[in-house]
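Below is one structure, written out as structure tokens; comments come after it.
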Protein chains: 2
Amino acid sequence: MSQNDRRTRRRGEELINAIHAAVLEEVLEVGVGRLTMEGIGRRAATARTTLYRRWPDPIAVLLDALYHAHPVEEPTPGADDLRGDLIRSLQLMVKWTLSPAGRAVAAILTDPKGIEQVSDELVEQVFAQRGGTFTSTVLRHYAERGHFPASRITPVVADIGEALVVKRLLDGAPPTDADLADIVDQAILPAIGLADRLT
Amino acid sequence: MSQNDRRTRRRGEELINAIHAAVLEEVLEVGVGRLTMEGIGRRAATARTTLYRRWPDPIAVLLDALYHAHPVEEPTPGADDLRGDLIRSLQLMVKWTLSPAGRAVAAILTDPKGIEQVSDELVEQVFAQRGGTFTSTVLRHYAERGHFPASRITPVVADIGEALVVKRLLDGAPPTDADLADIVDQAILPAIGLADRLT
DNA sequence: GACTTTAGGTACACGACTGTAGCTTATCTG
DNA sequence: CAGATAAGCTACAGTCGTGTACCTAAAGTC
């Protein structure tokens, strides 16, 4: 080892974790389209050869990192607080979306060639939740308990919260808790017929 | 001219239009991050030197194309049909978003480095409309005429329609007219207190 | 301490894109 | 028709990423 002689040499899991972290950072900076083995290796401070021993191309590294990322937290509707639980479910969504894995998924979804490259299994595993899971879990829970008719949970209604959060994120301004409360009060609750606004 | 001897040689506007069209196609295929002078020139069937004579880099070509693209159609609220006008405004939005220019703007907005490269003037000119313009124009029109209180047009409410359309587009399924009607009936109208659903 | 595994490093040929220079020639203008 | 303009083409040196081969030495195993 000529220069840059690091005393310790990472192996196995430790090394792989570093590479996973590196690829997630890299994709945020350059986008899916410009991921390179070079860039990943540089950021993880490892040789390209090491990467090629395990993965055939940069996308494979990225998908592997996502596969091993922490799963999405599920909203768990509590006692008797529809409004609060909706807000909390959107908070979970925001939290996940701002995490490295969440932002990487967003990068793939918005890349022209992103989704084509993803295997079907991974789509199931990682991407399935992105849909209407967050608020609709909560909505179904309260509809079953008679707080409002289940027929109100149409595909459109199930997406309102997520859609508005996505819009805010695309606009570059992650929603605050107050924004989330507004979304619940001014969009979701009216849509299910529970307009408890005081206008 | 050695091989590929084209009888006609394009000049001026004709050539530039071809280049503009080429860059818009190119960005849809490869994304903002992978735009190259090579690719644009290849697609427009022109020499790279011709491109360099006019633009310093691929992004400049793209922005110039957007600058010269047809502007966004504005929704024009009609006589007395809030629901119909809302649907029409969303139809305009979908139409624009699916156009080459619209999709190119989306590509820039979702690119990690996309927005940074855009000059402020162009943001004003091209991107300003993307916000809540479509439905909120209609909403303001009818609020002024007393169909519902203007105080209902909060930032959240103004974004509901656009947000849901964006969500559908991100999911890869451009909304049909029936979808747009559902969005209006099940999300926008309830939010402004005009729940004319028959559930 | 010897042996296996595997990360780190160097080197190389290949291909894509860059930015510039310089030439040829089609097209437009007066 | 003559001259000016600008598009088309070729060439080239430089940069960056690719994928592979091959060597070295650190980290683990017995």
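For the numbers below, each heavy atom of this structure counts, side chains included, while hydrogens, waters and symmetry mates do not. Each chain gets a letter, A, B and so on, in the order its sequence line appears, and its residues count up from 1.
Ranking C:dT10, C:dT27, D:dA25 by closeness to the B:T8 side chain, first place goes to C:dT27. The side chain of B:T46 sits closest to D:dG8 out of D:dA6, D:dG8, C:dA7. Of the candidates D:dA6, C:dG19, C:dA7, C:dG19 carries the atom nearest the B:Y52 side chain, counting heavy atoms from C-beta on. Looking at the side chain of B:R48, the nearest of the listed nucleotides D:dC9, D:dA11, C:dT27 is D:dA11. In this structure, the nucleotide among D:dA6, D:dC9, D:dA25 sitting nearest to the side chain of B:A47 is D:dC9. Side chain of B:R11, nearest nucleotide from C:dT25, C:dA7, D:dT5: D:dT5.
Under 4.0 Å is where a charged nitrogen must lie from a carboxylate oxygen, and between A:D81 and A:R88 at least one such pair does. A salt bridge links B:E38 with B:R42: the distance from a Lys NZ or Arg NE/NH1/NH2 to an Asp or Glu carboxylate oxygen falls below 4.0 Å.
Residue A:R42 has a polar side-chain atom (N or O) positioned under 4.0 Å from OP1 or OP2 of D:dG17. Of the side-chain N and O atoms in A:T50, none sit less than 4.0 angstrom from OP1 or OP2 of C:dT6. In terms of phosphate contacts, A:R10 brings a side-chain nitrogen or oxygen within less than 4.0 Å of OP1 or OP2 of C:dG8.
One interatomic measurement links the two molecules: CD1 of A:I40 to P of D:dG19, which rounds to 12 Å at whole-angstrom precision. Rounded to whole angstrom, the span from the CZ atom of A:R53 across to the P atom of D:dC23 amounts to 14 Å. Between A:L51 atom CG and D:dT20 atom C1' the separation is 14 Å, expressed in whole Å. Nucleotide C:dT27 holds its P atom 13 Å from the CG atom of B:L15, rounded to whole Å. Atom CH2 of A:W55 is separated from atom C1' of D:dT18 by 17 Å (rounded to the nearest Å). We find that CD1 of B:I59 is positioned 17 Å from C1' of C:dG19, with the value rounded to whole Å. Taking atom CZ of residue B:R9 and atom C1' of nucleotide D:dA7, one finds them 4 Å apart after rounding to whole Å. When rounded to the nearest whole Å, the span between CG of B:D57 and P of C:dG19 equals 8 Å.
At least one donor-acceptor pair closer than 3.5 Å links the side chain of B:R34 to the backbone N or O of A:G33. The main-chain N or O of B:A173 is never found under 3.5 Å from a side-chain atom of B:D171 such that the two would form a donor-acceptor pair.
When only modelled atom types and interatomic distance are considered, A:Y142 and A:D85 share a side-chain donor-acceptor pair under 3.5 Å.
Of the listed residues (A:D64, A:V61, A:L24), just one forms a side-chain contact (heavy atoms from CB on, under 4.5 Å) with A:I19, and that residue is A:V61.
Within residues 18-39 of chain A, the residues approaching DNA chain D are A:T36, A:M37, A:E38, by heavy-atom distance under 4.0 Å.
Heavy-atom neighbours of A:R103 CZ from other residues, nucleotides or ligands within 6.0 Å: at or below the threshold of 12.
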